Every structure is written in structure tokens, then in C-alpha cells.
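Keep in mind it's a predicted model, so treat the numbers as computed, not measured. Lettering follows sequence order; numbering is per chain, from 1.
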Amino acid sequence: MITITLPDSSTKQVEKGTTPMQIAEGISRGLAQNALVAKLNNELVDLNTPILTDSALKLYTWEQEEGKNTLWHSSAHLMAEALEALYPNVKFWVGPALENGFYYDVDLNGGTLSTSDFEKIEQKMLELARKQNIFERKNISKQDAINYFTDKQDIYKLDLLERLDDGTISLYTQGNFTDLCRGPHIPNTSFIKAVKVLNVAGAYWKGDEKNKMLTRIYGITFPKDKELKEYLELLEEAKKRDHRKIGKELELFTFSEKVGSGLPLWLPKGTMLKEKLMQFLQKAQLESGYLPVSTPHIAHKDLYICSGHYEKYGADSFQSIKTPHEGEEFFLKPMNCPHHCEIYKSSPKSYKDLPIRYAEFGTVYRYEQKGELHGLTRVRGFTQDDAHLFVRPDQVKEEFLKVIDLVLYVFNALDFKEYTAQISLRDPNNKTKYIGTDENWITAEQSIMEATKEKNLKTVIEYGEAAFYGPKLDFMVKDAIGRKWQLGTIQVDYNLPERFELEYVGFDNQKHRPVMIHRAPFGSMERFVAVLIEHCKGNFPLWLTPNQFAILPVSEKFNNYAKKVLDLLKKSDIRGFIDDRNEKIGKKIRDQEINKIPYMLIVGEKEQENNTVSIREHIIGDKGEVAVESFISLIIETIEQDFKLKQII
RNA sequence: GCUGUUGUAGCUCAGUGGUAGAGCACUUCCUUGGUAAGGAAGAGGUCGGCGGUUCAAUCCCGCUCAACAGCUCCA
């Protein structure tokens with residue numbers, strides 16, 4: 001007999017060789033029917049693995065990541081089986097599970113695959129899934145594996161085998177398909193009830209562009225039809241929220257081939273939005289002791305030689321600007337930090353001056369590879385809500401706390417309610433590739449961890465993800481439909497203070513090197529606006545939205561009264577316009593609903609007589625007739641209320 | 001940058017080896033209408049750019065630019 005310890009610490013005595021599935025059956029029928037994979041002493045295993053020693057056992061269903069991943073990994077095998085049935089010459093590379101679904105990289109031997117083939121593959125997968133084929137594991141020797149795949153003329157699996165040790169090799173077979181795989185897998189194919197082939201794309205063999213391009217087929221599967229339906233609805237919803245689409249519809253920004261790819265043109269409404277955001281942050285920063293600075297868009301090559309960026313990125317950047325003066329070269333600025341370092345150096349600093357916080361909405365230019373450009377999230381010219389804090393080593397933690405406060409203030413104000421903080425630290429096994437003293441690193445890493453802990457942030461620690469110049473803290477937010485985005489970032493930098501020989505005079509009358517902290521709560525205005533659009537689907541908070549109201553005269557006879565109302569509202573700093581087109585009121589309402597205007601003010605004979613407006617709220621509808629003054633206070637109060645609520649959080 | 005797909009009016013998109021169409025938007029006129037599309041007329045396109053094949057190219061071919069999907073990358 002052996003002892004099995006379950007997650008609730010209870011134990012079971014079972015015969016040696018009992019499988020996790022049998023234990024599941026002993027617990028409940030429901031669990032036995034839903035279990036997909038088991039964890040045996042920290043190792044994921046098939047449910048039919050005989051347990052030979054005392055073990056801790058945990059069972060996973062579709063509800064857990066482990067269960068999902070296993071189902072998707074097994075689905076990749078199922079898709080491979082379907083592909084092999086449909087395309088006899090196909091060769092397989094690897095087929096892992098992803099965050100949402102799975103893919104398989106295949107070599108179609110010159111054949112092609114298009115979206116029109118998807119249904120055929122899906123049908124075949126479902127047909128095979130219904131056979132309830134068992135995923136059968138077989139441990140074999142390396143030589144046997146080599147023989148097997150040599151017979152199959154499968155160069156890709158042979159390549160994989162080269163890197164595997166004898167004794168660790170296993171094959172999985174379901175139906176007519178056998179794959180080299182370490183597993184684990186779901187018990188049988190019948191758990192896969194709903195199937196969708198999502199996409200097909202090229203991917204280099206082993207991710208190396210010198211290698212052959214394989215066909216990567218993406219798919220997703222579910223244990224219930226309903227879940228597939230919900231997933232497809234989510235994809236539809238994401239499409240509707242696409243900032244490129246909404247940005248065009250709401251006339252926020254555009255691109256022009258003549259201006260150049262990746263160089264956004266902000267339209268009046270988008271500019272209003274962007275500037276409101278900047279004003280909002282600027283105000284918060286002034287209150288937190290930041291000092292606004294502003295620096296030119298170009299700088300002498302020497303600046304970037306000093307910073308080290310020329311050596312690292314020079315060749316892949318926008319190339320230098322020449323002048324009539326022979327040999328003189330300027331570069332478009334790819335970041336603001338070197339400029340800020342020079343500002344720091346413009347006068348001697350005392351320890352009493354620190355921390356110094358230079359803030360600038362600095363527009364920078366980076367020559368991103370063509371294929372990387374994407375709407376506003378990846379562009380070649382963008383404005384960072386940048387600031388550099390020059391601090392004493394003993395101030396790192398305190399400044400981190402303040403920056404975290406600022407970042408959270410921004411997130412709350414914009415209704416991002418869920419976020420996690422990712423702490424990127426040094427690779428503990430390879431400390432040599434980092435610049436800066438061990439002592440400083442330890443202080444900074446400790447400071448970050450303590451600061452996030454004090455703020456009760458949900459954190460993930462990533463070892464080895466730090467930049468070579470310092471550890472960092474990145475904020476990942478979840479948007480309204482659950483997608484994750486990386487927004488704000490805080491980074492410690494030991495490199496630039498060194499390169500620019502930044503100093504301050506300490507209490508001991510000696511020169512010391514300050515620590516530099518880069519931080520950007522939005523990240524960049526472009527990226528943030530993109531994420532915000534997708535988060536709120538273009539329905540911006542009232543304080544931010546480009547037009548807070550539209551006045552809709554019932555007929556042209558009331559245009560003059562509308563004008564009077566507009567003047568009154570403008571005096572109170574409320575933004576909007578009159579829709580004085582020669583259209584019926586129904587048409588105007590429809591159009592302004594589509595334009596997502598928060599408040600429509602309908603004015604006709606009645607309103608003109610009573611000095612009122614009839615409010616119609618976006619989506620909600622008719623809110624009745626009120627005095628113009630009441631509307632003004634409604635707007636002001638709504639905005640104040642909005643901010644107050646958020647302060648509490 | 002690599003692979004694939006796409007590029008027709010301001011927008012969304014039909015279409016054809018014999019130099020083009022719809023809906024919306026726009027202009028003018030009629031209409032002055034009370035909570036999601038009133039009516040009529042009109043204007044608008046080197047069919048992304050360059051080159052080739054052809055009697056003839058928006059359509060076929062090559063190159064190029066841009067967008068999209070994926071890969072790789074992101075100070």
C-alpha cells in the first residue's frame with residue numbers, strides 16, 4: 001500500500017500502481033468525468049499513470065490552467081491527426097498549447113492551406129474526437145525512436161530527438177497518429193467537443209529566419225460548444241473595440257502614406273483627448289514635486305555616443321541629420337533620458353537637492369521594423385509621459401512608493417480596475433552581465449519588492465528579466481474584456497549616471513553618484529490612448545471625451561437659441577458643438593449616438609420659451625427638460641463625483 | 001526585416017482583358033420635421049506607384065509602397 005496526499009491534506013491508502021483516475025473515481029463521479037490531468041509531486045502526468053510511491057496528488061479539470069493547457073496540447077495532436085488524414089505528405093514540427101488555444105507547425109511539402117480549408121480540418125477533428133481514442137503513452141529507447149521516425153522520413157522529429165536523452169523519450173498515440181511527446185495528455189479525445197481552426201501563418205523553423213518557413217496553424221478547442229460560442233463572441237467584441245477602427249470612426253487619428261508609415265496624425269478630437277490626458281497627468285505631477293522641462297527633438301551624435309545608444313542602436317535608427325558643416329551629425333531623439341542627464345549636469349547638485357524629478361512629454365522617434373508597426377500601439381514617432389528621478393540610493397524606495405501611487409492614481413482615474421505589477425530582477429545565476437555595484441542592485445531590488453508589498457500590489461517576480469542597467473517594475477492592466485496590456489513602467493538605471501558622470505555632493509562633502517529612475521505611467525500617449533479606446537470602446541470618461549455634448553435644434557428656427565446655449569456652456573468650460581445640419585431630429589440623434597456623444601441637448605420651441613434644454617444621454621435616452629444652468633452643474637458634478645469615487649479606491 | 005493576404009470615390013465594399021459601380025458621407029434644392037436614417041438632383045476615381053506582356057491592362061506578370069495576419073524585434 002502507498003499513501004496519497006490530496007490538496008486538502010487528507011490522505012488515502014491505495015494499492016501500489018493505482019492511477020490518478022482511479023483515485024478520482026473514488027472521490028466523486030463528477031471529478032472522474034471532468035479530470036483532464038494530474039500533478040504527482042510537482043510533475044504533470046497522465047491520469048492513467050500508475051502511482052508507485054507515496055505521493056502528493058492534485059487533479060485538474062478544464063477550470064484550471066493546467067487542465068486547459070493539457071486539453072489544448074492534446075488538441076494539437078488531434079489536429080495533427082486530422083491534417084495527416086487530409087494531407088498525407090505533411091510533416092510535423094511542434095504543437096504546443098498557448099494562452100488561448102494551440103498551434104502546430106507543419107511542413108506541407110509545398111502544399112498550401114487557406115481559410116477555406118479550415119472547416120474541413122475542423123470537421124475531421126470532430127470526427128476523430130468522437131471516436132474517443134485513448135492517448136496512449138509508450139516509453140521507448142532513443143534508438144527505437146530514431147528508427148521509427150527514420151522510417152517515417154520525419155526530419156523534424158529526428159531533429160528534436162537529437163536533443164533528447166535516452167530514457168526520457170516517449171511517444172503518444174491516439175487513433176492513427178503517433179507523435180514524439182513528453183505529455184501529459186487528456187485521457188481520450190472525447191473531451192474535445194468544440195473545435196475552431198483560427199488562423200494560418202508562416203513561422204520559421206526554430207524561429208530562425210534563415211530556416212525554412214513552416215505553416216503554423218492556430219486552433220482552439222473546448223469541452224463544451226457553449227464555451228466556443230462565448231470565445232468567438234469575445235473575438236467579435238475585440239474586433240469591435242479595435243482602436244484602429246474606433247479611431248477612424250470617431251476621427252481621433254489617421255495615417256498618411258505621404259507622411260510615412262508609423263507616424264500618426266492626431267486629428268482635432270484625438271488631440272483634445274491626448275492633451276486632456278497630458279494635462280491630467282501634468283497636474284498630478286506638479287502636485288508630486290515634478291519639475292517640467294523641455295528639450296529639442298534632435299541632438300548631436302556625441303550625446304548618444306556618451307549614452308551608449310549610438311553604439312547599440314545607431315545602425316538601426318533613423319539615420320543622422322547632416323549639416324552644412326562637414327562631419328557634423330544630429331540624430332532624432334529616440335529617448336529623453338540623455339537630454340535630462342545634461343539638464344541635471346547644468347549645475348552642481350547637493351544631496352539636499354535630491355530627489356530631482358524632471359518631467360517632459362517628450363516626443364521620440366524610433367525606427368521600428370516595418371512589420372512591427374501596429375495602429376497606435378507600435379509607432380515610429382510617439383510622445384512619452386517621461387520623467388527621470390535623480391535620487392540618492394537611500395531614497396529609491398520612497399520614490400518608488402510615490403511613483404506607484406501616481407501610476408495607480410492614473411489607472412483608477414481611467415477605470416482600469418485590475419492590474420498586476422511585474423518585477424523584473426537580475427538573473428541570479430549570471431550577475432556579470434549587469435552594470436552597477438552588487439550593493440546598489442540589492443538595495444534597488446529590495447526597495448522595489450518592499451514598495452510593492454507595502455502597496456499591496458499583486459505581483460509577479462521575473463528573474464533575469466531586468467534590463468542590463470537596472471531592475472524594473474512594469475504594470476499590466478486588464479481591460480474591460482479581460483485582455484492584458486503592459487502600460488506603466490518604472491525602471492532603475494545605474495548606467496546613464498555612470499556614463500554621464502552625474503554627481504552630487506553628499507553630507508560628507510564627497511562626490512556621489514545619484515541613482516536614476518525612469519518612469520512613465522502611461523507608457524506613451526499613443527499606446528495609452530489605444531488601450532483606453534479598446535478598454536472603454538470609445539465611450540470615454542466625461543472629463544476626457546473630446547465633445548461632452550451636442551446641441552440638436554429641432555429645426556433651423558432654433559439655431560439662434562442653440563447658439564445662445566452653446567455660448568453659455570463654453571463659458572463654463574464644457575466642450576461641445578451644435579448639429580445645425582438641415583436634418584430631422586431623429587437623424588441628428590442617430591448620428592450623434594454613433595459619435596458616442598455623452599449628452600445630446602435637444603432644443604425646440606418649448607426649450608426656447610423656458611430657457612431650458614432637453615437632455616438625452618448616450619445609450620440611456622431621454623432624461624427630460626432642465627434649465628441650462630442645471631445641465632452645467634450636472635456635468636460639473638458628474639465629473640467631480642467621478643474623481644471623488646476614484647480617490648477613495 | 002521574413003512569410004502570406006489585401007490595395008477600386010472621404011468611409012464600407014461590389015465588379016470586369018475593351019479606360020468603372022452601390023450604400024453611407026459631401027454639395028444644391030424641396031422639406032422646418034420633437035428622441036436612432038424625410039425626399040430629389042448633383043458632384044466626386046490616373047482602380048496604391050513604377051515598369052512589362054497585349055491591338056487594348058483596374059484586371060495578367062515583375063518590382064515597389066502601404067495596410068492586415070503571423071514570425072522575429074522593441075533603448
request  = Output the distance between atom NE2 (A/H535) and atom NZ (A/K478), rounded to the nearest 0.5 Å.
outcome  = 12.5 Å
task = Output the residues of residues 299-316 of chain A in contact with RNA chain B, where contact means a heavy atom of the residue under 4.0 Å from an atom of the strand; sort by number or write none.
result = A/H309, A/Y313
Rounded distance in Å between the C1' positions of B/rA36 and B/rG1 = 48 Å
remark   = With A/S614 as partner, the option from A/E607, A/K606, A/E625 fulfilling side chain to side chain donor-acceptor pair (under 3.5 Å) is A/E607
message = According to side chain to side chain donor-acceptor pair (under 3.5 Å), who are the partners of A/E399, at least two apart in sequence or on a separate chain?
response = A/R357
inquiry  = List the residues meeting ring pair (Phe, Tyr, Trp, His ring centres under 6.0 Å) with A/Y434, not counting sequence neighbours, and say none if there are none.
reply    = A/W441
query = What residue pairs, at least two apart or across chains, pass ring-ring contact (aromatic ring centres under 6.0 Å, His included) with a residue in residues 575-618 of chain A?
reply = A/Y599-A/F631
query = Could you write nucleotides 31-41 of chain B as a row of B, S and -, 5' to 3', where a protein heavy atom under 4.0 Å of any base atom gives B, of only sugar-phosphate atoms gives S, and otherwise -?
reply = BBBBBBBB---
request  = Determine the Euclidean distance between corresponding C1' atoms of B/rU8 and B/rU3; express it in Å to zero decimal places.
outcome  = 26 Å
inquiry  = Taking the P atom in each of B/rU5 and B/rC47, what is the distance between them to the nearest angstrom?
reply    = 24 Å
key: Pairing residues for A/F382 by the ring pair (Phe, Tyr, Trp, His ring centres under 6.0 Å) criterion, not counting sequence neighbours   = none
query = Residues in side chain to side chain contact (heavy atoms under 4.5 Å, CB included) with A/K312, at least two apart?
reply = A/F468
ask   = Below 4.0 angstrom, N of the basic side chain to O of the carboxylate: do A/E236 and A/K240 qualify?
value = no
request  = Please list, by residue number, the residues of residues 91-103 of chain A whose heavy atoms come closer than 4.0 Å to an atom of RNA chain B; answer none if no residue qualifies.
outcome  = none
task = Classify the side chain of A/R527 versus the base of B/rC74 as yes if they form a donor-acceptor pair under 3.5 Å and no if they do not.
result = no
inquiry  = Check this for me, if you would: do A/K537 and A/E237 make a salt bridge, where the nitrogen-to-carboxylate-oxygen distance has to be below 4.0 angstrom?
reply    = yes
task = Go through the side-chain N and O atoms of A/H340 and A/E360 and say whether any donor and acceptor fall under 3.5 Å apart.
result = yes
inquiry  = Salt bridge check, A/E368 against A/R378: does any charged N sit closer than 4.0 Å to a carboxylate O?
reply    = yes
key: A/E372: partners by side chain to side chain donor-acceptor pair (under 3.5 Å), with sequence neighbours left out   = none
message = Please determine whether a side-chain nitrogen of the Lys or Arg among A/K557 and A/E605 lies less than 4.0 Å from a carboxylate oxygen of the Asp or Glu.
response = no
key: Between C1' of B/rA25 and CG of A/D579, the distance in whole Å   = 14 Å
inquiry  = Taking the basic N atoms (NZ, or NE/NH1/NH2) and the acidic carboxylate oxygens, is any pair closer than 4.0 Å for A/R241 and A/E534?
reply    = no
request  = Could you tell me whether the side chains of A/Q491 and A/Y469 share a donor-acceptor contact shorter than 3.5 Å?
outcome  = yes
task = Take the protein atom CD of A/E526 and the nucleotide atom C1' of B/rC74, then report the distance between them rounded to whole Å.
result = 15 Å
key: Pairwise P distance, B/rA66 and B/rU72 [rounded to whole Å]   = 22 Å
key: Side-chain donor-acceptor pair present, A/T295, A/K333, cut-off under 3.5 Å   = yes
Basic-acidic side-chain contact under 4.0 Å: A/D105, A/R216 = yes
ask   = Using a 3.5 Å cut-off on both pairing distances, which stems of three or more Watson-Crick or G-U pairs include RNA chain B?
value = B:1-7 with B:65-71, B:10-13 with B:21-24, B:26-30 with B:38-42, B:48-52 with B:60-64
key: Distance, P atom - from B/rU46 to B/rC59, rounded to whole angstrom   = 16 Å
query = So does A/D386 pair up with A/R519, basic N to acidic O under 4.0 Å?
reply = no
task = Take atom CG of A/D105 and atom P of B/rU3, then tell me their distance rounded to the nearest Å.
result = 17 Å
task = Please state the P separation for the pair B/rG52 and B/rG42 - nearest whole angstrom.
result = 40 Å
Identify the pairs formed between an N or O of the protein and an N or O of nucleotides 8-12 of chain B at a distance under 3.5 Å, and give each distance.
unit_1	atom_1	unit_2	atom_2	d
B/rU12	OP1	A/K248	NZ	3.1

query = Is there side-chain contact between A/V364 and A/T383, with at least one heavy-atom pair below 4.5 Å?
reply = no
key: B/rA40 and B/rU35, which share atom name P, separated by this distance in whole Å   = 23 Å
ask   = Tell me, for nucleotides 65-70 of chain B in 5' to 3' order, what letter each nucleotide earns: B for a base near a protein heavy atom under 4.0 Å, S for only sugar-phosphate near one, - for neither?
value = SSSSSB
query = Expressed in whole Å, how much space separates the C1' atoms belonging to B/rG45 and B/rU12?
reply = 16 Å
